[in-house]
Colleague: 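Can you keep this structure in mind? I'll have questions shortly.
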Amino acid sequence: MNEKEWWKKSIVYQIYPRSFMDQNGDGVGDLQGIISKLDYFQELGVNVIWLCPVYQSPMDDGGYDIADYYQIDPMFGTNQDMDQLIEQADARGIKILMDLVVNHTSDEHAWFQEALTDPNSKYRDYYIFRKGIDGQAPNNWRSYFGGSAWEKVPNEENMFYLHAFSKKQPDLNWENPEVREECINMINWWLEKGLGGFRIDAILNLKKRIEYGQLPADGEDGLAFIGHWILNQPGIEEWLAEIDQRTFRKYNALTVAEADVPEDQLSRYIGEDGYFRMIFDFSYTDIDVPETGEWFLQSNWTVKELKENILQNELTTQKFGWGAKYLENHDQPRSINKYLPNEYQNDHSKKMLATLFMMLQGTPFIYQGQEIGMTNIRMDEMSDYDDIATHDQYRRAMLSGMSPEAAFEGMYLRSRDNNRTPMQWSDQKNAGFSGAEQTWIKVNSNYQTINVEAELNDDQSVLAFYQKLIALRRQAGPYQEAIIFGEVVPYEVPQEEIIAYKRSTAEEEVLVIVNFSANHQIVKLDGSYELLIGNQAYQTNLEQIKLVPYGSLVLGKKSEESK
Ligand code: NOJ
């Protein structure tokens, strides 16, 4: 797998380690648990695994608050377990990606502790400390998790530190060359162990343009969206290029950045010499989130918009580089709940979503449990939620005057914990995830029907469908070239609720047609196609096809010249 652009032929499986598999019976997933499931990835057919953070962490934000970049948190195991995972995965042709979180550390990191205890230590300048204005924060930025982005330093007068996320996640000062050097060394240390690369967290926030005082507020809290001053600020490009050249590129590593980049900058990010091999697009996974970011409310999105976003993103990305495609991740609710009305949430429509997503151009990222069609969880009360952002959104919903019932429903639809519940392996205790009396977060009660074991034994299951989709990309065969590399060309149809596109090479054409509606629909074909995969019947040699509600088909034909 050492081909130069090996990631283009890859499929990544994302693991939320806390909830994947608990081997030592403490109710929390661990690295040995992941090792015990390596055969499963082979059975599924994926060849890359991305682990959400497993570094030492007080877990204020699910591990995105790192207290030691060089240590695995005891909750997950030891550094030896990590070495073992890399080695054993490698033996099966599977690469491991870790999460790289360098915009901030935990406030429990030794650097920050030193910066607090000794204001004259060099670590003071590893972070962003600023004097307040008459005892108030230096400005009125709102942190991404709500409330002021400045926290008062205990035992010091009129002194604050910046945290774009929670107050337990102080931002690093990237202007300091020593900080950059520390991060570069740390990245190389991990890559030296044989990692396949990194998923890169919050990276566009590195450069800050600090303005002081009362900036124009955009919410009832009197605060202003911090992103205007810290997202993608001029100057960040030098740092990003330097990191890439001194780390990732040397190891031919896969890097996928969490970065919403405007089109005119895309080539700098994902072009030939771009800072990253690929970036995630948010336009269709956040389609249900209102522009204010208040996700306790739902936006009024339409399928027409969804279609435009997906196709537009395909056309733009392929002009400049390579895409990273996902339906779900640890920050999203389950896709079936997000995209489908209640009465149509079933295996049939889960297969439709899988088809739509897996046939796009770019590397697919499958989130744990998505492949068996896991769903959002009905919690009993707010205290069942662990996620810091969920509690913040609930607080904001209450402040806005929403009823507790309506706000709780908002959490059911959008909480990040929907995707963080334990992986459902079987119909046994705790869904086969853990032998503990209690798991760190509740298990979804539908595990008796939705679980890996049952689906492995059913050739009509969502899992079996994913296996086939994965095989179309991963196993040599007709149409593989078109499915991986084919140009995306929208296939024009009159209906707004049909998403259709071709993936074409000189020799082959793959046509993907998805009915995103509860009605039957007729679509005209431009030739004679064979069926590659679908969740409904298909008859060859017909000039038009009838799609059932939420039906989807992937069809193939050889181009005239290649016959
Ligand atoms: C993005 C991560 O995906 C999310 O889970 C985390 O809360 C923030 N970055 C802060 O690190």
Side-chain angles (χ1 to χ4, degrees), residues 12 14-20 29 50-69 73 97-109 112 127-128 141-147 149 151 161-172 174 183 186 198-206 208 225-227 230-232 255-261 276 278-282 285-286 289 293 295 324 326-334 365 367-368 370 385-394 396 411 414-421 440-441:
V12 183
Q14 182 190 352
I15 289 185
Y16 197 69
R18 226 173 165 185
S19 295
F20 188 66
W50 150 29
L51 305 182
C52 278
V54 285
Y55 311 89
Q56 198 167 308
S57 164
M59 290 281 154
D60 184 54
D61 179 22
Y64 286 90
D65 45 324
I66 297 173
D68 188 338
Y69 288 108
D73 194 286
L97 308 183
M98 287 179 90
D99 224 297
L100 182 66
V101 191
V102 288
N103 174 67
H104 44 268
T105 68
S106 161
D107 64 339
E108 295 181 30
H109 194 291
F112 192 72
Y127 295 89
I128 303 171
W141 285 349
R142 179 189 305 108
S143 85
Y144 290 122
F145 290 153
E151 181 69 9
Y161 68 85
L162 180 70
H163 60 89
F165 294 89
S166 98
K167 65 179 179 196
K168 284 184 68 62
Q169 292 166 297
D171 281 53
L172 282 167
W174 270 74
C183 291
M186 178 271 290
F198 288 97
R199 175 269 188 185
I200 306 174
D201 187 73
I203 195 73
L204 289 192
N205 295 281
L206 293 193
K208 331 283 181 193
F225 175 59
I226 190 172
I230 72 168
L231 274 175
N232 208 2
T255 50
V256 52
E258 194 196 20
D260 213 357
V261 179
F276 309 108
M278 56 187 104
I279 58 176
F280 288 122
D281 170 54
F282 296 81
T285 38
D286 277 345
V289 177
W295 58 244
Y326 67 105
L327 266 185
E328 296 182 13
N329 65 28
H330 63 291
D331 292 333
Q332 296 287 332
R334 291 291 176 183
F365 284 67
Y367 181 78
Q368 70 180 44
Q370 175 187 327
Y385 287 108
D386 173 85
D387 172 34
I388 184 169
T390 304
H391 288 283
D392 166 56
Q393 290 278 333
Y394 187 76
R396 283 162 78 175
M411 302 303 113
R414 245 291 162 179
S415 166
R416 307 196 295 181
D417 280 343
N418 281 307
N419 262 20
R420 299 178 180 188
T421 63
W440 77 274
I441 193 166

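Remember, it's 1-based here, ligands and their atoms both numbered in the order they're listed.
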Colleague: Which atoms of ligand 1 are found less than 4.0 Å from any heavy atom of R416?
Modeller: 4 (C), 5 (O), 6 (C), 7 (O)
Colleague: Do the ring planes of H330 and Y16 sit parallel (below 30°), tilted (30 to 60°) or perpendicular (above 60°)?
Modeller: parallel
Colleague: Give the atoms of ligand 1, by number and element, whose distance to some non-hydrogen atom of E258 is under 4.0 Å.
Modeller: 1 (C), 3 (O), 9 (N)
Colleague: List ligand 1 atoms under 4.0 Å from D331, heavy atoms only on the residue side.
Modeller: 1 (C), 2 (C), 3 (O), 4 (C), 5 (O)
Colleague: Any side-chain heavy-atom pair from H104 and H163 closer than 4.5 angstrom?
Modeller: no
Colleague: With a 4.5 Å heavy-atom cut-off, do R420 and D331 have their side chains touching?
Modeller: yes
Colleague: Establish, from distance only, whether the side-chain atoms of T105 and Y127 form a donor-acceptor pair under 3.5 Å.
Modeller: yes
Colleague: Show the atoms of ligand 1 that are less than 4.0 angstrom away from any heavy atom in H330.
Modeller: 2 (C), 3 (O), 4 (C), 5 (O)
Colleague: Looking at D73 and R18, is there a salt bridge between them, counting it only when a charged N and a carboxylate O are closer than 4.0 Å?
Modeller: no
Colleague: Looking at H104, which atoms of ligand 1 are within less than 4.0 Å of one of its heavy atoms?
Modeller: 10 (C), 11 (O)
Colleague: Using ring centroids (six-membered ring only for Trp), state whether F365 and F280 fall under 6.0 Å.
Modeller: yes
Colleague: Does Y144 reach ligand 1, in the sense of a heavy atom lying below 4.0 Å from it?
Modeller: no
Colleague: Quick one: look up the protein heavy atom nearest atom 7 (O) of ligand 1 and list residue, atom name and how far away it is.
Modeller: D61 OD2, 2.6 Å
Colleague: Hey, what do you get for CD (E108) to CG (D60), rounding to the nearest 0.5 Å?
Modeller: 8.5 Å
Colleague: Using non-hydrogen atoms of the residue, decide whether R199 is closer than 4.0 angstrom to ligand 1.
Modeller: yes
Colleague: Of all the non-hydrogen atoms in the protein, which one sits nearest to atom 9 (N) of ligand 1, and at what distance?
Modeller: D201 OD1, 2.8 Å
Colleague: Identify, by atom number and element, the atoms of ligand 1 in contact range of F145, meaning under 4.0 Å from any of its heavy atoms.
Modeller: 7 (O)
Colleague: Below 4.0 angstrom from a heavy atom of R420, which ligand 1 atoms are there? Numbered from 1 as shown, please.
Modeller: 5 (O)
Colleague: Where the side chain of D417 meets the backbone of D387, is there a donor-acceptor pair that is under 3.5 Å apart?
Modeller: yes
